[in-house]
Amino acid sequence: MSPSRAAEAVAALLLAVLLALLTACGSRLPERVFETRPTANPSGGEPLRVGIITSATSPVGGQALTGPRDGARAWFDALNARGGLDGRRVEVETCDDGGSGVGDNACVHRLIDERRVFALVATTALNYAGAPLVARAGVPDIGGQPLTPAYDTYPHLYGIYGSSAPRTGRAPGWGGTLYGGTEVYHWFRKALGARTAAVVSYNQAASAAYARLVARGLRAEGYRVVEEQVDFALPNFRAVAADLRAQHADLLFDAMDTHGNVRLCEAMEALGVKVAAKVTNVQNWSSAVSHDYARAPGCRASLWVTGSSRNYDDTGHPAVRAFRTAMGDRPLSQWQLEGWAAAMWFTDAARSCLAEGALTRGCVEEFMNRPEPYTARGLLLPVRFEHLARPPAARNTCLSVARWQDGRGWVSQGEMTENCATVPQLGYRP
């Protein structure tokens with residue numbers, strides 16, 4: 001990913017790593033590991049086969065990681081309904097890796113060696129153990145979610161947020177160090193005048209490490225930081241809530257799973273604790289908020305979210321309307337929109353090659369590596385792959401911000417292409 005997107009990916013990585021460490025139960029292959037979606041050959045020629053690897057059944061729980069897959073499938077269904085790619089139907093084959101390295105390798109072998117997919121799209125793997133095999137095979141992997149450092153390590157892998165790292169296959173980022181910007185903390189300081197921020201984590205290594213990264217970024221932006229930690233097995237959220245009130249925290253960040261966030265909100269509700277903003281990340285950017293926080297309406301009203309893609313509730317934007325039309329009446333999430341954008345990215349790359357006369361993997365990768373940034377019709381902040389020899393010390397970065405409002409859903413806070421600032425890039429080791 002680019003340095004400006006790294007902190008967001010770490011936030012997405014936290015839930016995956018934390019719950020995998022706490023609840024992993026072996027590496028048995030799931031029953032759905034060979035799930036496919038067969039389709040008939042189109043009249044315009046042989047189908048173009050793409051694969052989607054998802055940790056659909058995993059320690060994180062059902063449906064937690066399926067959003068990108070569902071969004072990508074919706075795109076390809078709509079594309080095929082319009083005639084496909086120059087008359088060629090796009091045949092989508094999915095594989096559930098069960099959240100394990102063994103399962104992921106099995107999916108890679110299944111899709112690349114047996115099914116001979118042309119490319120992978122919208123990969124969302126809790127343990128992307130098969131990434132070296134994908135890179136070795138030279139198969140483009142487009143628009144994947146960076147739940148592991150693979151997209152900042154290997155060639156032929158193109159994460160949804162881009163990357164500036166060399167990606168030689170030897171180490172993540174620059175000699176094993178990735179970089180993230182302070183744009184989130186900068187935005188809240190400027191927009192809300194926030195000065196005191198609390199960070200709540202579990203007494204568990206992955207959670208504590210991410211909390212330290214957040215605290216470091218907050219301090220770089222001039223905040224007074226209050227660090228709170230709870231026992232994972234017996235968390236005392238009421239004590240945390242009481243201290244938040246005593247410390248007069250303006251903002252609340254966390255290094256916890258959704259369950260922990262909900263329980264913290266319920267404790268805050270019970271004690272009447274209010275903050276200007278309780279900030280979450282793209283994994284929790286969904287329509288499930290109203291249900292998840294049903295017993296904490298006051299805390300729910302303080303939920304804000306940040307990311308690098310256009311709010312799926314921004315129905316005034318034509319690309320968002322197209323996405324929502326394709327999704328129908330299904331519950332919505334930001335990860336679905338990003339999966340839709342990933343499939344669009346592959347399609348645009350393939351179309352550019354067909355316009356030149358030959359659809360090859362090399363041609364698709366030329367499109368992915370071009371200097372012009374990609375925005376998926378305005379659904380993504382500009383994305384590019386730069387292969388910089390050294391990481392920049394600072395970068396101009398933009399941010400998508402939304403706030404939850406009952407009855408309206410997620411309400412965008414300004415135009416994401418204008419929520420921009422030049423911020424420092426801080427190194428961390430994944």
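Since this is a predicted model, take the numbers as computed values, not measurements.
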- Could you walk me through whether L111 and L120 pass the side-chain contact (heavy atoms from CB on, under 4.5 Å) test, one step at a time? CA-CA 9 Å; L111 295 178; L120 299 176; 4.0 Å; yes
- R195/R224 under side-chain contact (heavy atoms from CB on, under 4.5 Å): CA gap, chis, key distance, verdict: CA-CA 6 Å; R195 290 297 180 267; R224 180 174 76 90; over 6 Å; no
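- For the pair L359/L48, a side-chain contact is recorded, criterion being any heavy-atom separation below 4.5 Å from C-beta on.
- Figure legend: cation-pi geometry between R370 and F367, with NZ or CZ positioned under 6.0 Å from the six-membered ring centre and within 45° of its axis.
- In summary, the side chains of Q334 and S309 do present a donor paired with an acceptor at a separation below 3.5 Å, with no hydrogens or angles considered.
- Applying the 6.0 Å contact sphere to CZ of R82 captures more than 12 heavy atoms from other residues, nucleotides or ligands.
- Ion pair E386/R167 not flagged as a salt bridge, since none of the NZ, NE, NH1 or NH2 atoms sits closer than 4.0 Å to an Asp/Glu carboxylate oxygen.
- Atom CD in E183 sits 11.0 Å away from atom OG1 in T422 (nearest 0.5 Å).
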- Task: Evaluate the criterion side-chain contact (heavy atoms from CB on, under 4.5 Å) for residue pair Q336 and Y312; output intermediate values, then yes/no.
- Result: CA-CA 9 Å; Q336 291 169 347; Y312 74 79; over 6 Å; no
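- With Y185 as the aromatic partner, R219 does not meet the cation-pi criteria of under 6.0 angstrom to the ring centre and within 45 degrees of the ring axis.
- Listed by first and then second residue, the side chain to side chain donor-acceptor pair (under 3.5 Å) pairs involving residues 285-294 are W285-N311 (not counting sequence neighbours).
- Here the side chains of W345 and M368 are in contact, with some heavy-atom distance below 4.5 Å.
- By the 6.0 Å contact criterion, NE2 on H387 is enclosed, its count of non-hydrogen atoms from other residues, nucleotides or ligands being greater than 12.
- Between the side chain of R330 and the backbone N or O of A326 there is at least one donor-acceptor pair closer than 3.5 Å.
- Minimum interatomic distance between A376 and Y374 (heavy atoms only, all atoms of both residues): N-CE2, 3.3 Å.
- Considering every non-hydrogen atom in both T182 and P424, the closest pair reads OG1-CD, 3.4 Å.
- A salt bridge links R377 with D348: the closest approach of a Lys/Arg side-chain nitrogen to an acidic carboxylate oxygen falls below 4.0 angstrom.
- Contact annotation: the side chain of L380 never approaches that of S308 to less than 4.5 Å [non-hydrogen atoms, C-beta and beyond].
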Show the atom names and distances, to 0.1 Å, of all donor-acceptor pairs under 3.5 Å that link a side chain in residues 233-246 to residues at least two apart or in another chain.
{"unit_1": "N236", "atom_1": "OD1", "unit_2": "R238", "atom_2": "N", "d": "3.4"}
{"unit_1": "N236", "atom_1": "OD1", "unit_2": "A239", "atom_2": "N", "d": "3.1"}
{"unit_1": "R245", "atom_1": "NH1", "unit_2": "L271", "atom_2": "O", "d": "2.7"}

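- With Y128 as the partner, the side-chain hydrogen bond (donor to acceptor under 3.5 Å, both in side chains) test is satisfied by one option alone out of D141, D104, N105: D141.
- In this model, a donor atom of one side chain and an acceptor atom of the other lie less than 3.5 Å apart for W75 and T347.
- Side-chain contact between D97 and S55 is present, with heavy atoms from C-beta onward closer than 4.5 Å.
- Residues Y223 and D250 bring no donor and acceptor atom of their side chains to less than 3.5 Å of each other.
- Residue G180 comes nearest to Y428 through the heavy atom pair N-CE2, 4.1 Å, listed as atom of the first residue, atom of the second, then distance.
- The structure places CG of L399 at 7.5 Å from CG of L381, a figure rounded to the nearest 0.5 Å.
- For Y154 against A135, the heavy-atom pair with the smallest separation is CB-CB, 3.9 Å.
- Side-chain contact between V364 and C353: present, with at least one pair of heavy atoms (C-beta onward) separated by less than 4.5 Å.
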- Query: Would E338 and L379 count as a side-chain contact (heavy atoms from CB on, under 4.5 Å) if you check the C-alpha gap in whole Å, the side-chain angles of each, and the deciding distance to 0.1 Å?
  - Reply: CA-CA 8 Å; E338 291 185 354; L379 293 179; over 6 Å; no
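- With hydrogens and angles ignored, the 3.5 Å screen pairs no side-chain donor or acceptor of N281 with any backbone N or O of G307.
- Residues T153 and P172 are in side-chain contact: their nearest non-hydrogen atoms beyond the backbone lie under 4.5 Å apart.
- Taking every heavy atom of both residues into account, D254 and V279 meet most closely at OD1-O, 4.0 Å.
- Between the side chain of S207 and the backbone N or O of A255 there is at least one donor-acceptor pair closer than 3.5 Å.
- With a 4.5 Å cut-off on side-chain heavy atoms, M268 and L252 count as touching.
- Exactly one residue among D313, D314, T315 makes a side-chain hydrogen bond (donor to acceptor under 3.5 Å, both in side chains) with R324. That residue is D313.
- Listed for the W174 side chain is no donor-acceptor partner under 3.5 Å among the backbone atoms of Y179.
- Between Y151 and G159, the closest heavy-atom pair is CD2-N, 3.3 Å.
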- Task: Report the C-alpha distance between W304 and F188 in whole Å, list the side-chain angles of each, state the deciding distance to 0.1 Å, and finish with yes or no for ring-ring contact (aromatic ring centres under 6.0 Å, His included).
- Result: CA-CA 10 Å; W304 294 63; F188 281 100; 5.6 Å; yes
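- Identified under the side chain to side chain donor-acceptor pair (under 3.5 Å) test for residues 263-274, with sequence neighbours left out: E266-R295.
- To the nearest 0.5 Å, atom CD of residue Q283 and atom CG of residue D257 are 10.5 Å apart.
- Within the 4.5 Å cutoff, the side chain of W410 has heavy atoms near those of the V289 side chain.
- Between Y158 and F385, the ring planes are perpendicular. Angles over 60° get that label, and only those under 30° would be called parallel.
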